Amino acid sequence: FSVIWFLPFRRLDRILMLWVSLFDLMTAIQDWQSNGLVVAAILGAFLCLNKGWPEAAALCVIAGLNIKIYGAVGAVFFLFYPRKFRFLSSLAVAGLAAFLLPLVVISWSELLAQYRAWYEIVHQDASGYVKLSVMGLIKTCTGWTPPLPATEIAALAVMLLPLARVHLYDQLAFRLR
């Protein structure tokens with residue numbers, strides 16, 4: 001919520017953004033959802049890279065990624081900034097540290113078992129969300145279920161399409177969209 005205050009917008013625009021997002025944030029907090037934290041991590045990565053702090057941006061990306069996989073979206077912002085290698089090396093170090101941090105309290109075999117169990121839960125849980133997705137919409141309208149990998153690749157391509165406009169990377173307005 002407070003990350004909005006640091007965005008490069010006029011004061012009135014930031015206040016309006018805070019008011020618009022207040023209801024969603026309160027709902028997320030009451031329902032124990034973590035979407036607000038992921039958005040804060042993504043915006044934090046953007047702001048840190050904008051300030052020239054690639055190490056802090058890497059920590060924001062890893063924090064968001066550890067909450068939900070969507071937090072990795074914050075890493076895309078590194079394309080807009082000159083010190084790409086410094087960001088990527090910081091991201092690798094922070095990612096490795098986050099991956100190994102549980103070793104402080106559990107053994108290596110327990111850590112691997114935890115990650116395997118997490119993978120199984122995510123793999124089984126993902127099938128229930130088809131109804132609430134583009135794939136679910138296609139199935140409802142046509143009766144045909146498109147293959148998951150093809151749908152995901154097409155969706156990723158559409159989302160990354162604006163990044164093809166390399167000549168606009170230096171414009172803040174483009175980066176904020």
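From a predicted model like this one, the values you see are computed outputs, not experimental measurements. Sequence positions, counted from 1, serve as the residue numbers for this chain.
The CD1 atom of I42 sits 7.0 Å away from atom CZ of F77, with the distance rounded to the nearest 0.5 Å. Atom CG of N66 and atom CG of L37 lie 12.5 Å apart (nearest 0.5 Å). In this structure, CZ in F78 is found 9.5 Å from CG in L49, a value given to the nearest 0.5 Å. Here the CG atom belonging to L91 is positioned 14.0 Å from the NZ atom belonging to K84, to the nearest 0.5 angstrom. Atom CG of L100 sits about 4.5 Å away from atom CG of L96, to the nearest 0.5 Å. Atom CG of L43 and atom SG of C60 lie 9.5 Å apart (nearest 0.5 Å).
Both V38 and V73 sit in one connected hydrophobic cluster of ILVMFWY residues. Membership requires side-chain heavy atoms under 4.5 Å apart, directly or through other members. Using a 4.5 Å cut-off between side-chain heavy atoms of Ile, Leu, Val, Met, Phe, Trp and Tyr, with links allowed through other members, V158 and L156 fall into different hydrophobic clusters. Taken together through direct or relayed side-chain contacts under 4.5 Å among Ile, Leu, Val, Met, Phe, Trp and Tyr, I67 and L101 form parts of separate hydrophobic clusters. V105 and L112 end up in the same hydrophobic cluster when Ile, Leu, Val, Met, Phe, Trp and Tyr side chains are linked at under 4.5 Å. V93 and V104 are members of different hydrophobic clusters when ILVMFWY side chains are connected at heavy-atom separations under 4.5 Å.
For the pair V61 and A75, the tightest heavy-atom approach, listed with the atom from each and the gap, is CG2-N, 3.6 Å. Scanning both residues, A94 and L59, for their nearest heavy atoms gives CB-CD2, 3.9 Å. Taking every heavy atom of both residues into account, N50 and Y81 meet most closely at OD1-OH, 3.2 Å. The two atoms that bring A57 and C48 nearest to each other are N-CB, 3.6 Å, heavy atoms only. Contact detail for A98 and I62: the closest heavy-atom pair is CB-CG2, 3.6 Å. Here the closest non-hydrogen pair linking R83 and G52 is NH2-O, 2.9 Å.
By the 6.0 Å contact criterion, CD1 on I69 is open, its count of non-hydrogen atoms from other residues, nucleotides or ligands being 12 or less. In the displayed structure, Q114 atom CD is contacted under 6.0 Å by at most 12 heavy atoms of other residues, nucleotides or ligands.
The side-chain contact (heavy atoms from CB on, under 4.5 Å) search around I153 returns none, not counting sequence neighbours. Taking T151 as the reference, M135, P146 meet the side-chain contact (heavy atoms from CB on, under 4.5 Å) condition, with sequence neighbours excluded. Y119 pairs by the ring-ring contact (aromatic ring centres under 6.0 Å, His included) definition with H123, not counting sequence neighbours.
For Y115 and F99, the ring centers sit closer than 6.0 Å to each other.
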